[in-house]
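Okay, structure first, notes after.
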2 protein chains.
Amino acid sequence: MTSSDKTLADRTYRQLRGDIVNGRLAAGSKLKLEGLAQDYAVGMSPLREALARLMGDLLVVSEGQRGFWVAPLSLDELDDVSRVRALIETEALNAAIRNGDAQWEREVTAAFEALAAVEEHLPHTSDALPPEQLEVWEARNRAFHAALVSAAGSPMLIKLRALLYQQSERYRRVSLNVSRGWRNVHDEHRAIYDATMQRNALRACRMTELHLSRTAEEVRKAMAALSRDDDAPGDKA
Amino acid sequence: MTSSDKTLADRTYRQLRGDIVNGRLAAGSKLKLEGLAQDYAVGMSPLREALARLMGDLLVVSEGQRGFWVAPLSLDELDDVSRVRALIETEALNAAIRNGDAQWEREVTAAFEALAAVEEHLPHTSDALPPEQLEVWEARNRAFHAALVSAAGSPMLIKLRALLYQQSERYRRVSLNVSRGWRNVHDEHRAIYDATMQRNALRACRMTELHLSRTAEEVRKAMAALSRDDDAPGDKA
DNA sequence: TCCGACAAAAATATCGAAATAAGATTGACA
DNA sequence: TGTCAATCTTATTTCGATATTTTTGTCGGA
């Protein structure tokens with residue numbers, strides 16, 4: 001699609017990843033190989049290769065001779081991911097603030113302003129957001145957070161951060177489907193941005209932790225609500 | 001081999017991973033698919049599936065339509081991996097010391113004593129170690145470090161730690177091939193073990209950092225020596 | 001002679017489809 | 001009601017076809 005789709009397996013990997021992260025493929029659902037091969041119009045070989053790579057991203061799990069599933073979501077894992085993400089993200093941001101040069105500042109500013117342009121007229125009370133606008137926000141949010149840490153000078157930190165961001169995104173998408181409006185997430189982004197530009201690493205990391213924990217809290221509530229909804233209408237045997 | 005080899009791709013994944021980590025497949029070398037398929041006695045599909053999974057472990061890199069390579073090693077990456085590993089490992093150890101119960105203590109003790117049994121009569125000056133004994137030490141070292149953090153209560157931390165340990169192991173194996181003997185690594189392990197058993201998290205983490213940075217330093221020297229050797233005898237065009 | 005562009009050939013990576021084998025399901029029988 | 005076997009579904013793998021890259025060889029110009 002966008003970048004390096006030299007091979008069919010590559011393209012399928014990206015498509016599948018997107019469909020899992022944004023929830024089009026439900027968490028925990030069985031991935032029927034034949035069906036997927038048809039949907040994505042590929043043969044078994046590229047499909048299996050894509051699935052194997054997604055296992056490394058912790059988006060797919062497999063069991064011996066029984067097939068593949070979309071990795072399940074759970075409240076416990078949400079807490080786990082959120083905590084580790086905070087650790088990695090603050091470490092990376094700290095390093096970036098230490099190492100970042102003028103070019104980095106420009107990139108962060110550009111990413112922030114692009115994000116701000118979307119966030120400033122977000123519905124505060126509405127319960128639904130046009131999917132297209134949601135995709136734009138997701139992309140710019142991802143870009144902003146990526147830009148912040150891009151000067152960390154540590155490929156490994158950046159790689160792990162990307163992995164954890166993706167995990168978080170899956171959870172966040174769940175809550176966006178049931179959320180009763182947007183909290184003033186823009187203020188939080190601005191606080192992180194300002195502290196970063198002032199090279200106030202301590203404050204920037206604190207604001208980041210706050211931002212992450214608030215997001216996690218929101219997801220937690222949404223998931224709890226969802227599981228209540230799941231239990232109530234369903235009957236026991 | 002050992003655990004879940006339900007499928008050919010699984011077995012091949014493990015074999016390849018082992019051969020890369022212990023250096024039987026040289027860093028940076030091209031992985032010729034046909035050759036590998038013969039060596040491991042599998043077809044293309046399971047082989048490619050294994051390689052795709054190894055990409056997720058950062059042990060293999062691939063390029064578009066041009067094939068696979070063993071991920072290269074570099075001094076920069078050694079520093080990067082070492083730093084991030086220290087971050088993750090101390091975080092996990094800290095949590096484990098907070099959460100670990102009596103069962104955990106027993107497991108750590110057992111792992112430590114098994115390791116000690118090998119380390120106590122390690123050659124202090126010898127320059128070569130029988131490969132078989134080296135494998136035993138590697139296994140017990142891995143088990144000891146894994147046991148320490150096993151009670152961290154965070155699957156994600158443990159997963160990332162395992163990834164980084166594996167990266168470090170690759171580098172360590174390089175240095176073991178050229179090392180002029182063993183430093184008193186056993187004292188370092190004992191210091192970590194003692195502090196852990198005393199539930200002295202601060203000291204345990206400090207000792208861990210020291211242990212990791214000393215190991216990294218040793219590897220750094222070995223790699224520098226190797227690259228000198230590589231340059232000197234070789235001729236320019 | 002030396003180099004560079006170009007074209008053919010070889011090597012190799014990628015992919016799809018059919019064969020195989022393992023697991024799940026159904027139904028008969030005890 | 002539980003067990004076993006036959007059947008069906010589905011994952012896994014092999015194999016062969018296709019597409020791409022790399023190498024080799026040839027020619028023409030400096």
Side-chain angles (χ1 to χ4, degrees), chain A residues 1-20 25-72 237, chain B residues 1-20 25-72 235-237:
Chain A
M1 284 222 167
T2 55
S3 50
S4 56
D5 279 350
K6 298 282 294 180
T7 158
L8 253 190
D10 242 332
R11 174 168 66 74
T12 308
Y13 164 72
R14 271 181 244 284
Q15 290 180 337
L16 268 169
R17 188 179 57 181
D19 287 344
I20 291 174
L25 289 168
S29 62
K30 178 78 190 287
L31 293 168
K32 302 250 182 85
L33 298 182
E34 203 171 352
L36 290 179
Q38 288 208 328
D39 291 350
Y40 294 94
V42 293
M44 281 302 168
S45 312
L47 176 60
R48 292 183 68 85
E49 204 172 316
L51 289 171
R53 285 175 62 183
L54 289 167
M55 290 175 59
D57 294 344
L58 307 183
L59 293 176
V60 163
V61 296
S62 85
E63 204 174 321
Q65 205 70 257
R66 303 196 34 241
F68 298 85
W69 287 262
V70 179
Chain B
M1 283 226 167
T2 55
S3 49
S4 57
D5 280 349
K6 299 281 295 182
T7 157
L8 254 189
D10 242 332
R11 175 167 65 76
T12 309
Y13 165 71
R14 272 182 244 284
Q15 290 180 336
L16 268 169
R17 188 179 58 182
D19 287 344
I20 291 173
L25 289 168
S29 61
K30 178 79 190 286
L31 292 168
K32 302 250 181 89
L33 297 183
E34 203 170 354
L36 289 180
Q38 289 209 327
D39 291 349
Y40 295 93
V42 293
M44 281 302 172
S45 306
L47 176 62
R48 289 184 134 270
E49 207 173 313
L51 289 170
R53 287 174 60 182
L54 289 166
M55 290 174 61
D57 295 345
L58 307 183
L59 294 175
V60 162
V61 295
S62 84
E63 205 173 323
Q65 198 80 256
R66 304 195 33 243
F68 299 84
W69 287 261
V70 179
D235 294 337
K236 285 275 170 56

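The shown structure was predicted, so the numbers you read here are calculated from the model rather than taken from an experiment. Computed over heavy atoms, backbone and side chain alike; hydrogens, waters and symmetry mates excluded. Residue numbers start from 1 in every chain, and the chains themselves are labelled A, B, ... in the order their sequence lines are given, proteins ahead of strands.
Looking at D19(B) and L16(B), their side chains never come closer than 4.5 Å, going by heavy atoms from C-beta outward. Between F68(A) and L47(A) there is no side-chain heavy-atom pair separated by less than 4.5 Å. E49(B) places none of its side-chain heavy atoms less than 4.5 Å from the side chain of Y13(B). When side chains are defined from C-beta on, L33(A) counts as touching L51(A), because their heavy atoms get closer than 4.5 Å. Residues R11(B) and R14(B) form no side-chain contact, since every pair of their non-hydrogen atoms from C-beta on lies 4.5 Å or further apart.
Scanning residues 32-45 of chain A for heavy-atom distances under 4.0 Å to DNA chain C yields V42(A), G43(A), S45(A). Contacts between residues 59-69 of chain A and DNA chain C, counted as heavy-atom distances below 4.0 Å, involve Q65(A), R66(A).
For T7(B), taking side-chain heavy atoms from C-beta onward, the closest of the listed nucleotides dT14(D), dT12(D), dG16(C) is dT12(D).
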Note to self: Assess the residue pair D10(A) and R53(A) against the criterion (side-chain contact (heavy atoms from CB on, under 4.5 Å)); give the C-alpha distance rounded to whole Å, side-chain angles, the decisive distance to 0.1 Å, and a yes or no.
What the structure shows: CA-CA 10 Å; D10(A) 242 332; R53(A) 285 175 62 183; 3.1 Å; yes
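In this structure, the CG atom of L51(A) is 14 Å from the P atom of dT13(D), given to the nearest Å. D10(B) places its CG atom 14 Å from the P atom of dA22(C), with the value rounded to the nearest Å. Distance K30(B) NZ to dT22(D) P: 8 Å, rounded to the nearest Å. Taking atom CZ of residue R48(A) and atom P of nucleotide dT14(D), one finds them 11 Å apart after rounding to whole Å. Distance NZ (K6(B)) to P (dA21(C)): 16 Å, rounded to an integer number of Å.
Residue K32(B) qualifies as open at atom NZ: its count of foreign heavy atoms under 6.0 Å is 12 or below.
A27(A) and P72(A) make their closest contact through CB-CA, 4.3 Å (heavy atoms, listed as atom of the first residue, atom of the second, distance).
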